[in-house]
2 protein chains.
Amino acid sequence: MQLITKRKEIFIYGLSMALLLVLLKWLEAHFIIFNYRLDIFVGAIAILFTVLGIWLALKLVKPKVETLIIEKEVYIDQPANKEINQKEIERLGLSKRELDVLNVMARGLSNEEIAGKLFVSLNTVKTHSSSIYLKLDVKRRTQAIEKAKRLNIIA
Amino acid sequence: MQLITKRKEIFIYGLSMALLLVLLKWLEAHFIIFNYRLDIFVGAIAILFTVLGIWLALKLVKPKVETLIIEKEVYIDQPANKEINQKEIERLGLSKRELDVLNVMARGLSNEEIAGKLFVSLNTVKTHSSSIYLKLDVKRRTQAIEKAKRLNIIA
DNA sequence: GTCAAAATCACTCAAAAGTATGAAGGAAAA
DNA sequence: TTTTCCTTCATACTTTTGAGTGATTTTGAC
């Protein structure tokens, strides 16, 4: 939720508050309720503002987020001596998500399987794939995997 | 959050409400506030219950799901030597030509490029590819390359 | 608050990969 | 001499991948 939206919410709340106080004034001036049913009136106010508070809180609170599960097969002797080359990743300009895709791709999964594993659509995986090939300057996924392993940007 | 906990929250809220109404009654009985500052009193009630509502909502609302990245590491034994494992090749029943294809394939060449390099037709490469996948028990060329490297049947 | 990059997804078209089946010649083995 | 396996290739069909374009939303930095 954006800051602007939050402010709007607060504004609506303030407005409700103001309107209610005006209403209160009016009622007070006309001696309609207060003379004998004050407790009920205050109870109504309480309930109303409780609901308003709940609504406010639900609106203001940041919802979400989702879980990302990446299964990683690790072979005992191979990755021991090789560390991920962070500088190379930076140099190539690979984003986090692209690295995610690249890692799962290197396990031999299809785009559809990658999509399922990363909780995105097939189209998204394709988009990431394409930009990976572009950044790695390769033509195919097999080359991308080969080069990525060679440059130690994936395990 | 558990159901019991929620009930406790609701109970606390109800109790606060009741206490406040009692307080209200008492104030009403003693004519302390209402005669001339009713609006301020109601305003205070409103604010109080707004806060209560917010508190209630925050307590009751299901806790935010945090971004959870689980890297499930599967350790797999692997022969320490990095030489071509001839026995594995035999065990899998891979033929010479299939190994040829597999090796070129692992460099990231397309089937057409492989065909050109081995002086055979595209269809032949496809046939070899298919039987490679069958013998390696994989579904795609990326998996075949990955497995072949893991089993040291190619460099 | 603005701006740029990153991430998301859709849609289309083309190319590549993969499946299935059949077939023919050759070499090695039974 | 059959039989079997390897190699080669074809045709037909399906699936996957990749290129290109465009759009929206989120995020983060300034």
Side-chain angles (χ1 to χ4, degrees), chain A residues 1-8 62-68 70 89-148, chain B residues 64 66-67 69 89-148:
Chain A
M1 192 182 292
Q2 298 301 314
L3 196 62
I4 296 175
T5 318
K6 280 188 182 177
R7 284 183 180 171
K8 199 176 68 182
K62 225 179 190 177
K64 54 195 171 204
V65 192
E66 67 208 28
T67 51
L68 171 65
I70 297 177
I89 294 174
E90 265 185 64
R91 192 182 66 79
L92 294 169
L94 287 166
S95 72
K96 277 192 213 82
R97 215 50 174 155
E98 286 162 357
L99 275 178
D100 288 341
V101 172
L102 192 52
N103 271 289
V104 187
M105 184 185 281
R107 306 259 117 70
L109 302 207
S110 70
N111 284 341
E112 195 143 5
E113 290 168 336
I114 295 171
K117 190 145 282 196
L118 297 185
F119 304 109
V120 295
S121 81
L122 175 60
N123 289 313
T124 303
V125 176
K126 284 185 176 185
T127 304
H128 286 315
S129 299
S130 287
S131 56
I132 288 170
Y133 305 149
L134 201 73
K135 290 175 180 177
L136 285 180
D137 189 31
V138 295
K139 287 191 173 60
R140 279 172 287 282
R141 62 170 44 208
T142 46
Q143 290 181 350
I145 295 168
E146 192 272 338
K147 189 162 189 176
Chain B
K64 285 180 280 187
E66 292 181 8
T67 308
I69 299 178
I89 295 174
E90 264 185 62
R91 193 182 66 78
L92 295 169
L94 288 165
S95 72
K96 277 191 214 85
R97 215 52 174 155
E98 286 162 359
L99 273 179
D100 289 340
V101 173
L102 192 51
N103 271 291
V104 188
M105 185 185 282
R107 301 211 219 297
L109 301 209
S110 68
N111 284 342
E112 196 143 7
E113 290 167 335
I114 295 171
K117 189 144 282 192
L118 298 183
F119 303 108
V120 293
S121 81
L122 174 61
N123 289 312
T124 303
V125 176
K126 285 185 175 184
T127 304
H128 287 316
S129 298
S130 286
S131 55
I132 289 170
Y133 306 149
L134 201 72
K135 290 175 180 176
L136 284 180
D137 189 30
V138 295
K139 287 191 174 60
R140 279 172 289 280
R141 63 172 40 208
T142 46
Q143 289 180 350
I145 295 168
E146 191 270 342
K147 191 163 188 176

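- Only at 4.0 angstrom or more do the heavy atoms of residues 93-104 of chain B sit from any atom of DNA chain C, so none qualifies.
- For the OP1/OP2 pair of dG18(D) and a distance below 4.0 Å, the side-chain nitrogens and oxygens of Arg141(A) include at least one atom meeting the criterion.
- In this structure, Arg140(B) atom CZ and dT17(D) atom C1' are separated by 11 Å, rounded to whole Å.
- When the side chain to side chain contact (heavy atoms under 4.5 Å, CB included) test is applied to Thr127(A), no partner is found at least two apart in sequence or on another chain.
- Rounded to the nearest 0.5 Å, atoms CG (Leu99(A)) and CD1 (Ile89(A)) are 4.5 Å apart.
- In DNA chain D, the stems built from three or more successive Watson-Crick or G-U pairs (distances below 3.5 Å) are C:1-30 with D:1-30.
- Residue Asn111(A) holds its CG atom at 11.5 Å from NE2 of His128(A), rounded to the nearest 0.5 Å.
- If you take CG on Leu134(B) and CG on Leu92(B), they are separated by 11.5 Å, rounding to the nearest 0.5 Å.
- In this structure, OG on Ser95(A) lies 7.5 Å from CD1 on Ile132(A), to the nearest 0.5 angstrom.
- Legend: residues meeting salt bridge (charged side-chain N to carboxylate O under 4.0 Å, His left out) with Arg107(B), ordered by chain and number and at least two apart, are absent.
- Every residue was checked against the side-chain hydrogen bond (donor to acceptor under 3.5 Å, both in side chains) condition with Thr142(B), not counting sequence neighbours, and none meets it.
- Partners of Asn103(B) according to the side-chain hydrogen bond (donor to acceptor under 3.5 Å, both in side chains) rule, which considers only residues two or more places apart in sequence or in another chain, do not exist here.
- Under the salt bridge (charged side-chain N to carboxylate O under 4.0 Å, His left out) criterion, the residue pairs touching residues 126-139 of chain A are Glu98(A)-Lys135(A), with sequence neighbours excluded.
- Non-hydrogen atoms lying under 4.0 Å from DNA chain D are contributed by Val120(B), Ser121(B), Asn123(B), Thr124(B), Thr127(B), His128(B), all within residues 116-129 of chain B.
- Summarising the geometry, the separation between OH on Tyr133(A) and P on dG18(D) is reported as 3 Å, rounded to the nearest angstrom.
- Using a 4.5 Å heavy-atom cutoff, the side chains of Val125(A) and Ser129(A) are in contact.
- Per the geometry, CE belonging to Met105(A) stands 12 Å off C1' belonging to dT16(D), to the nearest Å.
- Atom CG of Asn111(A) and atom C1' of dA17(C) are 13 Å apart (whole Å).
- Distance alone, capped at 3.5 Å, is enough to place a donor-acceptor pair between the Lys147(B) side chain and the Leu136(B) backbone.
- By the side chain to side chain contact (heavy atoms under 4.5 Å, CB included) test, Asp100(B) pairs with Arg97(B), Leu118(B), sequence neighbours left out.
- Between Ile145(B) and Ile145(A) the shortest side-chain heavy-atom distance does not fall below 4.5 Å.
- Residues in residues 109-119 of chain B take part in these salt bridge (charged side-chain N to carboxylate O under 4.0 Å, His left out) pairs, two or more places apart or across chains: Arg140(A)-Glu113(B).
- In this entry the distance linking CD1 of Ile132(B) with C1' of dT19(C) reads 15 Å, nearest Å.
- If you measure from atom NZ of Lys135(B) to atom C1' of dT7(D), you get 11 Å, rounded to the nearest angstrom.
- Across the protein-nucleic acid pair, Ile114(B) atom CD1 and dA17(C) atom C1' stand 11 Å apart, rounded to whole Å.
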Within the sub-3.5 Å range, which N or O atoms of nucleotides 23-30 of chain C have a protein N or O partner, and how far apart are they?
none

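- What separates CD of Glu112(B) from P of dC9(D) is a distance of 14 Å, to the nearest Å.
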